[in-house]
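Counting begins at 1 with the first residue of the sequence. Quick note: numbers below take in every heavy atom, side chains included, and nothing from hydrogens, waters or symmetry partners. Treat the numbers as computed from the prediction; the structure is a model and nothing was measured.
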Amino acid sequence: SLLVNGLLDLSRIESGEMELTLQRLKLKPIVDRVCGALESRAATKKQLLHIEVDTLAIAVVDAQAVEQVLTNLVTNAIKYSPEGTNIRSRWK
């Protein structure tokens, strides 16, 4: 289901049909939400997530799109990193 939805989103982006709702948002709450949702998945591989976000980091973004991108990045890091890895990312 996630793969199909991802492919549909990619198709919409490429065709210019995807509408984004841009807002000026703090990134930390989005990053915290994604990492909180993925920590247990990382724990099954004895991995630790170290995601640092500047508390003042603000961007004009579509919240759902940023959340999806970050989820994909962290999920791939968990999936393709060896057991026991410390996964690090820094957002400024």
Side-chain angles (χ1 to χ4, degrees):
S1 170
L2 291 175
L3 180 61
V4 171
N5 287 336
L7 291 171
L8 289 172
D9 285 345
L10 182 58
S11 176
R12 282 188 218 111
I13 290 167
E14 289 176 346
S15 68
E17 294 176 11
M18 185 169 205
E19 291 188 30
L20 300 175
T21 304
L22 300 179
Q23 301 174 351
R24 184 176 165 89
L25 299 172
K26 289 185 177 184
L27 295 176
K28 186 163 178 28
I30 298 169
V31 174
D32 288 346
R33 184 170 48 250
V34 168
C35 290
L38 295 174
E39 281 180 339
S40 63
R41 185 179 295 184
T44 63
K45 289 183 69 179
K46 298 178 181 145
Q47 297 168 327
L48 293 176
L49 298 179
H50 300 279
I51 313 297
E52 298 173 29
V53 184
D54 184 336
T55 57
L56 300 177
I58 295 174
V60 177
V61 297
D62 180 292
Q64 186 176 5
V66 168
E67 189 167 329
Q68 183 178 9
V69 168
L70 182 59
T71 298
N72 289 344
L73 289 171
V74 176
T75 299
N76 284 340
I78 292 167
K79 187 177 190 179
Y80 296 110
S81 296
E83 187 170 308
T85 301
N86 288 326
I87 297 169
R88 298 182 182 278
S89 179
R90 184 176 302 158
W91 291 54
K92 293 184 180 190

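A salt bridge links E83 with K46; the closest basic N to acidic carboxylate O contact falls under 4.0 Å.
Taking SG of C35 as the reference point, atom CD1 of I51 lies at 4.5 Å (rounded to 0.5 Å). Separation of atoms CH2 (W91) and CG (D54) is listed at 13.0 Å; rounding is to 0.5 Å.
The closest donor-acceptor contact from the side chain of D62 to the backbone of T21 lies under 3.5 Å. K45 places a side-chain N or O within donor-acceptor distance of the main-chain N or O of K79, the cut-off being under 3.5 Å. Under a 3.5 Å cut-off, the side chain of Q47 and the backbone N or O of I78 do form a donor-acceptor pair.
The side-chain contact (heavy atoms from CB on, under 4.5 Å) test applied to L48 returns H50, N86, not counting sequence neighbours. Remark: T75 engages L38, R41, T71 in a side-chain contact (heavy atoms from CB on, under 4.5 Å) (not counting sequence neighbours). R24 is linked by a salt bridge (charged side-chain N to carboxylate O under 4.0 Å, His left out) to nothing, counting only residues two or more places apart in sequence or in another chain. Partners of A37 according to the side-chain contact (heavy atoms from CB on, under 4.5 Å) rule, which considers only residues two or more places apart in sequence or in another chain, do not exist here. By the side-chain hydrogen bond (donor to acceptor under 3.5 Å, both in side chains) test, T85 pairs with no residue at all, sequence neighbours left out. Legend: residues meeting salt bridge (charged side-chain N to carboxylate O under 4.0 Å, His left out) with R88, ordered by chain and number and at least two apart, are absent.
L25 has its side chain within reach of I30: a pair of non-hydrogen atoms, C-beta onward, lies under 4.5 Å apart. Residues E52 and S89 fail the side-chain proximity criterion, which asks for heavy atoms closer than 4.5 Å.
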query: Where do L27 and I58 land on the side-chain contact (heavy atoms from CB on, under 4.5 Å) test, with the steps shown first?
result: CA-CA 6 Å; L27 295 176; I58 295 174; over 6 Å; no

